[in-house]
Student: 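Structure in structure tokens, see below.
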Amino acid sequence: MRFLRNKDGNVSKKVWFALAYTICFTIIAGAVFSVFIINKKSFIWVPDGLQQHFNALLYYRSWLLSIIDTLITEHRLSVPLWDMHIGLGSDVLTTLHYYVIGDPLNLLSVFVPDEKYMELFYNAMVLVRIYFAGLAFSAYCRYHGQKPYSTLLGAMVYDFCFWVIIAVRHPYFLNPMIYLPLILIGVDKIYKKQKPWLYMGMLAVATVSSFYFTYMICVFVVIYALLRYLMLFGKPVFKTVWYWVWRFAAYSFVTLSSVSIILLPVVAMTLSTGRAGAQHTFSLLYPLSYYRKLFYGFLIGGSTYWSELGYTGIVLLAVLLLLLGRRKNRGLRAGFVLMTLLLLFPFAGKMLNGGSYVVNRYMWAYSMLVSFIAVKMYPQMMEMHFKKKIALFWAGITYICLCLEVLGKHQKQYVLVALLLFSMLLVLIVGTGKKTKEKFVFKAALLVVVMLELIYQGWAEYAPQAGGYVEEFATQGEALSMLTTDAAGSLVKNHAKDTTYRYESLQSEEWKNTAMQLGINGTSYYFSLANPDINQFQREMYINQTRDFCYSGFDARTMLEVLSGVRYYVVPSGNKGLRPYGYNVCINRGTLGAGGQYEVKCDAYENDSVLPVGFAGSTVIPRSIYEKLDVTKKQQALLQGIIVEDDKVPAALAQKETGMEFTDKEISYEITDMHNVELTDHGFTATEKKASVTLSFEGMPESETYFILKGLGFSEEGKTLTQSKSRLHIDVTCGKITKMITFLTRKNNFYSGVDDYLINTGYRDEKADEITLTFHEKGTYRFDEMQIVCQPMQQVDSLAKKLKQNVLKGVVMDTNRISGTLETDQEELLCLTIPYSSGWQAYIDGKEADVLKADTMYMAVDVPEGIHQIEFYYCTPYLKTGAVLSGLGILSVIGIAVFRYRTGDKRKKEQGRTKERI
């Protein structure tokens, strides 16, 4: 226990600080988060926290345990890299890295004895992350010689700033708060020519934990290193600048190389997604309301674009004092001005978000800066002379007056209380003498006021009678059941004996990604990185998905369901019109979410005529022909041949006639009723909310009826695109069926270029005759073309039957492997309804074959005549290359260690000889 004591035998100051920090942390955390306990809420935010974070953590635990179990029982390392239960089928590493894979704390999930305790583990890890963030910040402050008391004040502000209050819904948003302070200590150590291991180690941990935040960390490390250089060495000299640039670059390059086994695949996937390349509306400045909220948000938080500030009065006074200074702390002042400028211009938010949309998710870095300013300026705050006190007092009063001027009505009462607490703190700091400030009573009172400010800030956001943020979180003990027993897939789990088929649900409150927990194949997906080929398929089919990385299936369009092997369909009870044609056999009924706000009775249906996972055909449709077809003809083409790129069509099949037949029919319509709607040349203008238009027509019996909008756009009179609404809603009602078009404009962060929509209003034996459009928002809705198309279903059974004549038999889906046997009397293409990825390799009778992209998002292989054993093996793209780079990087790290050891040993010997000579 000697490490707990100093040289004099007393208990170490580090222990006293850790004890004081832990006590203060516990008090504030207990007070702030008691709102969750009182309201019986967990930290699992609905929807993202439930569908993504908690779901991914549950999956990650099972994934790790399966690897460990195989290693112990079978004495081999088997890492599942592909899982059909994630969306339509997805890569495990690149999908879940963003949420759980790589975060060291999540590794502890393997010690949770049962999944029913995972919610408790999830909640605990949120608190642990916040606690560690404060310790990391304290380590940075102490490394730079700051006193324990001021460090404690800064750590509390850092731990419970408004970023943390909001970010508990995304647990990994807290991780960079731990990594950044330690990485910056590493930067300072390198400048002092000390060991680089802290810098390299924490950069490696940050990278494997979240490439997204590591990108931002690297930007801020460059800024910090530049400012520190100027502070340490003054005027730049080319020779010394080049020396340090080379040194930092070498350490960073070696570190990133050593973790390339994760970094390279994730970067490649990120660059391939549509989300990274979407073109959004961009303006030079934010709306005026943003700057207003930003101004008073510095004190209590609550801005927009994720510009979450909220730092209490002590930080505000420290910043004002810093800006009032002249010569001292120039580097700190420059850093604050630069970081604040980044907040004022959308371009910074866009670039720090990887060039995607404008969002300031780097506020954790800003929080560290201003918290350190509070620590650094505290001694000056305690020793101010009279003039400085007067200047600080009037600066504080000016801030209060400006806040009162820009306040909005809905936040006024909460900001007023914060301003009152700030006023008390201002009087306490300015009106107290230097000797009094040195006393324990004053320091205790100051700490109490700061803690009260932090507690109030959290309460004002969380409490139901205030901000009500706590209401958005899942009730304690319900998250696991929401993903399992209350999910629609639970009604088909015991019936899905053939694990190669999929299920889909049209229940309005169905959570996505639930198939991951049920162990069956689904069609819903909601994770930040998504397969771009699936996105492309959705666009070609005009499927109404608001985001490229979030999809729910095929809108009950029978042809697409049959093609994709969706054998089971779940719909709310009593609404048969929602289920597609052919799903007639009811296999189960049940009540999902019994007793909760999402309770609904559902029925599960089966269609045994859908295509299996692998089917072969000799009809190949070149993509150039396919792309010339209308959307309704494209979906018919998918059941009449296999679409491949023109240059990939096998020579033996290229000359064969496709012989496609199309039975869809465009139906003429007339407008029979308009309510608060004006007809324009290219659309409608809704003069009031909930305005409506009714289209009358004579449909076709035994058909699906489609409502199609091409080139949809929106504008509001007197407003520019950046000023108008970013999300629009149009209800499409036909009979008892109502579906909603959710349209995102370029202003919306999730805009991905989608402006063509096809809404399936359902299958009917009788004719449909009326569609009503209800516009939720006022404004002008423009479109290039509006159609009503009927698609008869008579041909579906015969087309599916033809494709099922030759299928892959004896299908086995093993870890990273799919195999089966195909017998064919001529050369054919074998199509697998598994999402295409360059990570797949195919083997026919042991010989490698080219994997072709088929039907836009699936894959196929060219199989010769005869009986063949077909095998597909999967490895995450760039994983092997990344492993090689990681090996080289680790060898380089070892080389650096050996070099430093030898040069250090040599230096010690030279110093010894020098002493002897002296």
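The basis for the numbers below is simple: all heavy atoms, side chains too, and nothing from hydrogens, waters or symmetry mates. These numbers come from a predicted model, not from an experiment.
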Student: Output yes when a side-chain donor or acceptor of Asn760 lies under 3.5 Å from a complementary backbone atom of Tyr706, and no otherwise.
Tutor: no
Student: The criterion is side-chain hydrogen bond (donor to acceptor under 3.5 Å, both in side chains); which residues satisfy it with Glu666, sequence neighbours excluded?
Tutor: Gln787
Student: Using modelled atom types only, decide if a donor and an acceptor are shared between the side chain of Arg502 and the backbone of Leu88 within a distance under 3.5 Å.
Tutor: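 It does hold such a pair.
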Student: List the residues meeting side chain to side chain contact (heavy atoms under 4.5 Å, CB included) with Val754, not counting sequence neighbours, and say none if there are none.
Tutor: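 Applying side chain to side chain contact (heavy atoms under 4.5 Å, CB included) to Val754 gives Arg539, Ser752, Tyr757.
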Student: Between Tyr212, Trp306, Tyr305, Tyr362, which is the residue that forms a side chain to side chain donor-acceptor pair (under 3.5 Å) with Asn353?
Tutor: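 So the option named by the test is Tyr212.
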Student: Side-chain contact test, heavy atoms from C-beta onward, threshold under 4.5 Å: evaluate it for Tyr669 versus Asp769 and give yes or no.
Tutor: no
Student: Can you name the nearest heavy-atom pair linking Gln640 to Gly659, along with the distance?
Tutor: OE1-O, 4.1 Å
Student: Please examine the side chains of Leu758 and Thr632, heavy atoms only from C-beta on, and report whether any two atoms are closer than 4.5 Å.
Tutor: yes
Student: Is the distance between the ring centroids of Trp45 and His53 under 6.0 Å?
Tutor: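 No, ring centres 6.0 Å or more apart.
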Student: Side chain to side chain contact (heavy atoms under 4.5 Å, CB included) with Ser303: which residues, sequence neighbours excluded?
Tutor: Tyr290, Lys293, Leu294, Ser307
Student: Show the nearest heavy-atom pair for residues Tyr858 and Cys831, with the distance to one decimal.
Tutor: CB-SG, 4.4 Å
Student: Sequence neighbours excluded, which residues qualify as salt bridge (Lys or Arg N to Asp or Glu O under 4.0 Å) partners of Asp533?
Tutor: Lys853
Student: Which residues pass the side chain to side chain contact (heavy atoms under 4.5 Å, CB included) test with Thr742, sequence neighbours left out?
Tutor: Thr546, Arg727, His729, Met740, Leu744
Student: Show your reasoning for whether side-chain hydrogen bond (donor to acceptor under 3.5 Å, both in side chains) applies to Asn748 and Thr745.
Tutor: CA-CA 6 Å; Asn748 195 285; Thr745 70; over 6 Å; no
Student: Considering only residues two or more places apart or on different chains, which pairs with a residue in residues 781-791 satisfy salt bridge (Lys or Arg N to Asp or Glu O under 4.0 Å)?
Tutor: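 For residues 781-791: Lys710-Glu785.
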Student: Step by step, would you call Thr663 with Gln795 a side-chain hydrogen bond (donor to acceptor under 3.5 Å, both in side chains)?
Tutor: CA-CA 8 Å; Thr663 59; Gln795 69 172 155; 2.9 Å; yes
Student: Asp83 side chain to His85 main-chain N or O, any donor-acceptor pair under 3.5 Å?
Tutor: yes
Student: Ion pair present between Glu716 and Lys725, side-chain N to carboxylate O less than 4.0 angstrom?
Tutor: yes
Student: Considering the options Tyr99, Tyr98, Tyr551, which one meets the ring-ring contact (aromatic ring centres under 6.0 Å, His included) requirement together with Phe527?
Tutor: Tyr99
Student: For a quick test of reading the model, state the closest non-hydrogen atom pair linking Ala800 to Ser609 and the distance between them.
Tutor: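 Of all heavy-atom pairs spanning Ala800 and Ser609, the closest is CB-O, 3.7 Å.
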Student: Taking only residues two or more places apart in sequence, or in another chain, which ones meet Ile543 in a side chain to side chain contact (heavy atoms under 4.5 Å, CB included)?
Tutor: Gln538, Met541, Gln545, Phe554, Arg557, Leu560
Student: Heavy-atom count check: over 12 atoms from other residues, nucleotides or ligands less than 6.0 Å from Asp673 CG?
Tutor: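 For Asp673, atom CG is crowded (more than 12 foreign heavy atoms under 6.0 Å).
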Student: Looking at every heavy atom in both Thr761 and Ile737, which two are closest together, and how far apart are they?
Tutor: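 In terms of heavy atoms, the two residues are closest at O-CD1, 3.2 Å.
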Student: Sequence neighbours left out, what pairs pass salt bridge (Lys or Arg N to Asp or Glu O under 4.0 Å) with at least one residue falling in residues 748-764?
Tutor: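 Found none.
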Student: Is the shortest distance from a Lys or Arg side-chain nitrogen in Asp555 or Lys739 to a carboxylate oxygen in the other one below 4.0 Å?
Tutor: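 Salt bridge present between Asp555 and Lys739.
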Student: Between Tyr569 and Tyr503, is the ring centroid distance below 6.0 Å?
Tutor: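 They do not qualify: ring centres at least 6.0 Å apart.
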Student: Does Tyr763 have any ring-ring contact (aromatic ring centres under 6.0 Å, His included) partners at least two apart in sequence or in another chain, and if so, which?
Tutor: Tyr581
Student: Please give me the minimum heavy-atom distance between Cys790 and Pro792, naming the atom from each residue.
Tutor: O-CD, 3.5 Å
Student: Run the side-chain hydrogen bond (donor to acceptor under 3.5 Å, both in side chains) test on Tyr286 and Asn360 for me, step by step, so that the C-alpha distance in whole Å, both residues' side-chain angles and the decisive distance to 0.1 Å come before the verdict.
Tutor: CA-CA 12 Å; Tyr286 290 105; Asn360 298 320; 3.2 Å; yes
Student: May I ask you to check if Arg547 and Phe750 form a cation-pi contact, with NZ or CZ under 6.0 angstrom from the six-membered ring centre and within 45° of the axis?
Tutor: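 Positive - Arg547 is close enough to the ring of Phe750 and near enough to its axis.
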Student: Would you please test Gln636 and Gln791 for side-chain hydrogen bond (donor to acceptor under 3.5 Å, both in side chains) and show each step?
Tutor: CA-CA 9 Å; Gln636 294 173 78; Gln791 176 62 67; 3.0 Å; yes
Student: Give every residue pair that meets the ring pair (Phe, Tyr, Trp, His ring centres under 6.0 Å) criterion with at least one member in residues 779-801, sequence neighbours excluded.
Tutor: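 Matches after skipping sequence neighbours: Phe684-Phe783, Phe714-Tyr781, Phe775-Tyr781.
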Student: Applying salt bridge (Lys or Arg N to Asp or Glu O under 4.0 Å), which residue pairs with at least one partner in residues 632-646 are found, sequence neighbours left out?
Tutor: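 For residues 632-646, and leaving out neighbouring residues, the salt bridge (Lys or Arg N to Asp or Glu O under 4.0 Å) pairs sorted by first residue read Arg623-Glu645, Lys633-Asp664.
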Student: Which residues satisfy the ring-ring contact (aromatic ring centres under 6.0 Å, His included) test with Tyr836, sequence neighbours excluded?
Tutor: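 If we apply the ring-ring contact (aromatic ring centres under 6.0 Å, His included) test to Tyr836, skipping adjacent residues, there are no hits.
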Student: For Glu717, does the CD atom sit with more than 12 other heavy atoms under 6.0 Å from it, leaving out its own atoms?
Tutor: no
